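So the structure is just underneath, and the comments pick up after that.
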Amino acid sequence: MNDSSPRSRALFERAQAVIPGGVNSPVRAFRAVGGTPRFMARAQGAYLWDADGQCYIDYIGSWGPMILGHGHPAVLAAVESAAREALSFGAPTEREVELAEALVALLPGMEQVRLVNSGTEAAMTAIRLARGATGRSYIVKFEGCYHGHADALLVKAGSGLVAGALASGQGASAPAPTSAGVPPEVVQHTLVLPYNDCQALADVFARHGDAIAAVMMEPIAGNMNFVRASREFMAQARALSTQHGALLVIDEVMTGFRVALGGAQSLYARDIPGFAADITVLGKVIGGGMPLAALAAPREIMRHLAPLGPVYQAGTLSGNPVATACGLATLAQISAPGFYEALSARTQRLVDGLRGVAQAAGVPFSADSEGGMFGFFLLDQLPQDYASVMRTDTQAFNRLFHGALDRGVYFAPAFYEAGFVSAAHSDADIDATVAAVAEVLGG
Ligand SMILES: *Cc1c(COP(=O)(O)O)cnc(C)c1O
């Protein structure tokens with residue numbers, strides 16, 4: 001199956017000699033699906049070309065950031081001109097202010113922003129800030145939600161941690177922590193509950209209410225493919241946090257500016273009066289493909305952060321001038337009227353098309369999407385939690401993945417990862433994708 005990719009195979013061999021597992025982030029290694037990861041050479045619009053010159057329609061989009069597709073001219077122009085001015089100052093710049101102003105204007109309830117370099121850093125800072133601001137220790141998180149790789153959050157996290165847990169014989173009921181090298185005492189204040197379980201959430205507040213600093217969640221859990229927080233669950237997380245003086249930390253690293261201009265929060269705010277996060281964690285799309293992430297919160301919470309307050313946080317490259325230029329240029333494009341309507345329609349066309357061919361082939365299938373983010377499952381019903389996601393027939397998924405890859409369709413190489421459509425995907429790209437999947441399922 002990899003005979004058509006000799007250069008990728010050779011590069012993977014070379015890489016494995018000098019890079020652990022041959023990759024710089026585990027999911028890239030194709031461990032969940034087997035086979036050789038494609039080494040990428042260039043990209044344009046909705047397409048990727050690998051080292052062997054093979055072209056793919058890209059549904060990973062660098063795991064979320066590339067909402068405009070690759071090589072958007074306005075973004076490239078902004079990056080190029082910023083790079084000529086300076087690669088880094090380690091001093092404040094006007095562009096950081098502009099980006100913070102833009103984010104605050106788009107996110108209800110958020111008044112200040114701290115820019116960092118990765119979602120991991122942003123999430124790590126968010127929990128430190130929540131603990132510092134409340135003077136409490138416990139963090140509530142949910143099974144299958146990934147918040148980056150800070151020690152305290154590596155408990156029943158989704159994404160690349162799933163493969164590790166499966167390989168080590170830990171299933172959905174894995175004991176905490178999910179990574180070696182994290183001492184149990186580091187996660188002793190991390191309480192992990194099933195996603196969408198209102199009763200478990202009520203119970204944990206009844207037991208530990210006055211010691212909980214934060215409830216942290218992905219509003220649409222994209223690291224166990226695509227599982228929405230139910231309206232009831234989100235409303236309850238908001239109400240219990242307020243009632244007990246805990247902070248609600250919404251991790252929108254994946255969903256922010258991906259599912260809607262105001263993030264997933266704006267969707268919940270339609271149904272839950274007065275809904276807003278206490279701390280919002282951002283990344284991926286806000287950097288447009290450059291290393292940039294952020295946390296945002298009301299002033300009352302942010303005043304605890306250094307240099308104003310005692311919660312320490314810093315970064316040599318934070319607010320980098322090239323990354324902020326890339327983020328601002330991306331935000332300008334996605335703020336255009338009608339952007340999300342068009343993107344949603346394109347994503348919907350993909351999901352409907354896939355559902356149609358799966359039904360025709362008699363394959364169990366369910367799918368969901370919002371804005372430019374989608375998930376499909378080889379399950380009859382959309383799962384509501386991690387345990388249900390894990391019931392996926394992994395062999396069937398892997399056959400589908402490799403069949404699609406061989407036909408030039410690059411889906412995420414694991415059943416527990418979400419997919420992404422960009423503004424550069426055309427109806428013809430979507431239809432070609434659906435036709436390829438029909439061939440795989442029918443063959
Ligand atoms: C990707 C992701 C992170 C981690 O971001 P990195 O930039 O990879 O460190 C955190 N939370 C969520 C929800 C993510 O999808």
Side-chain angles (χ1 to χ4, degrees), residues 1-66 69-71 159-160 162-163 166-167 225 289 350 353-354 357-358 360-361 363 365 374 376 378 392-422 424-443:
M1 126 188 10
N2 298 310
D3 293 338
S4 57
S5 305
R7 279 196 54 77
S8 279
R9 251 187 306 130
L11 285 168
F12 195 39
E13 284 291 307
R14 252 175 81 192
Q16 282 169 290
V18 286
I19 300 173
V23 293
N24 284 308
S25 195
V27 181
R28 296 180 195 169
F30 278 26
R31 300 285 284 237
V33 292
T36 304
R38 301 304 189 266
F39 278 62
M40 294 300 170
R42 68 191 175 90
Q44 182 58 50
Y47 309 120
L48 306 171
W49 284 268
D50 69 13
D52 291 284
Q54 294 168 121
C55 182
Y56 303 90
I57 304 174
D58 181 15
Y59 291 102
I60 300 183
S62 187
W63 302 93
M66 311 313 296
H70 300 274
S159 190
V162 177
L166 292 176
N225 196 334
L350 174 68
L354 295 177
V357 298
V363 173
F365 190 89
F374 67 91
F376 63 82
L378 301 179
T392 298
D393 176 346
T394 57
Q395 296 301 320
F397 174 85
N398 296 350
R399 278 194 303 275
L400 172 57
F401 167 81
H402 278 292
L405 189 69
D406 290 345
R407 289 164 179 78
V409 174
Y410 192 65
F411 286 130
F415 68 88
Y416 44 79
E417 301 288 352
F420 304 101
V421 171
S422 80
H425 286 73
S426 66
D427 283 351
D429 294 325
I430 303 290
D431 295 349
T433 302
V434 171
V437 171
E439 211 178 278
V440 176
L441 294 179

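Keep in mind it's a predicted model, so treat the numbers as computed, not measured.
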*Using modelled atom types only, decide if a donor and an acceptor are shared between the side chain of D52 and the backbone of Q54 within a distance under 3.5 Å.*
no
*Quick one: does H70's side chain get under 4.5 Å of L48's, heavy atoms only?*
yes
*Is the closest side-chain heavy-atom distance between M40 and Y410 below 4.5 Å?*
yes
*Is any side-chain heavy atom of E417 closer than 4.5 Å to a side-chain heavy atom of F411?*
no
*Compare every heavy atom of P413 with every heavy atom of V33, then report the nearest pair and how far apart it is.*
CG1-O, 3.4 Å
*Enter the distance from R399:CZ to D393:CG here, rounded to the nearest 0.5 Å.*
6.5 Å
*Exercise: identify the closest heavy-atom pair between A32 and A414*: CB-CB, 3.9 Å
*In Å and rounded to the nearest 0.5 Å, what is the CH2 to OH distance from W49 to Y56?*
12.5 Å
*To the nearest 0.5 Å, tell me how far I57 CD1 sits from L350 CG.*
9.5 Å
*Angle class for the F30/H402 ring planes (parallel below 30°, perpendicular above 60°, tilted otherwise)?*
perpendicular
*asked:* Taking S5's backbone N and O only, do any of them form a donor-acceptor pair with R7's side chain (distance below 3.5 Å, no angle check)?
replied: no
_Tell me whether D431 contacts the main-chain N or O of A428 through its side chain, where contact means a donor paired with an acceptor under 3.5 Å._
no
*Are any of the side-chain heavy atoms of F415 and L378 separated by less than 4.5 Å?*
no
*Flag the pair V357 / F365 as yes when at least one side-chain heavy-atom distance between them is below 4.5 Å, and no otherwise.*
no
*Parallel, tilted or perpendicular for F397 and F401, by the 30°/60° rule?*
parallel
*Can you name the closest pair of heavy atoms from G353 and V434 and give their distance?*
O-CG1, 3.5 Å
*Are F376 and L400 side-chain neighbours, meaning at least one heavy-atom pair lies under 4.5 Å?*
yes
*Is the count of non-hydrogen atoms from other residues, nucleotides or ligands lying under 6.0 Å from R407 atom CZ greater than 12?*
yes
_I'd like to check S422 versus D58 (side-chain heavy atoms, cut-off strictly below 4.5 Å). Are they in contact?_
no
*State whether the number of non-hydrogen atoms from other residues, nucleotides or ligands found under 6.0 Å of E13 atom CD is greater than 12.*
no
*Using 30° and 60° as the class limits, which term best fits the ring planes of H425 and Y59: parallel, tilted or perpendicular?*
tilted
*P26 side chain near R31 side chain, heavy-atom distance below 4.5 Å*: no
_If you compare all heavy atoms of A29 against all heavy atoms of G21, which two are closest, and at what distance to 0.1 Å?_
CB-O, 4.2 Å
*Considering all heavy atoms of both residues, which atom of A15 and which atom of F39 are nearest to each other, and what is their separation?*
CB-CZ, 4.0 Å
*Where is the tightest heavy-atom contact between A418 and A412, given as atom of each residue plus distance?*
O-CB, 3.9 Å
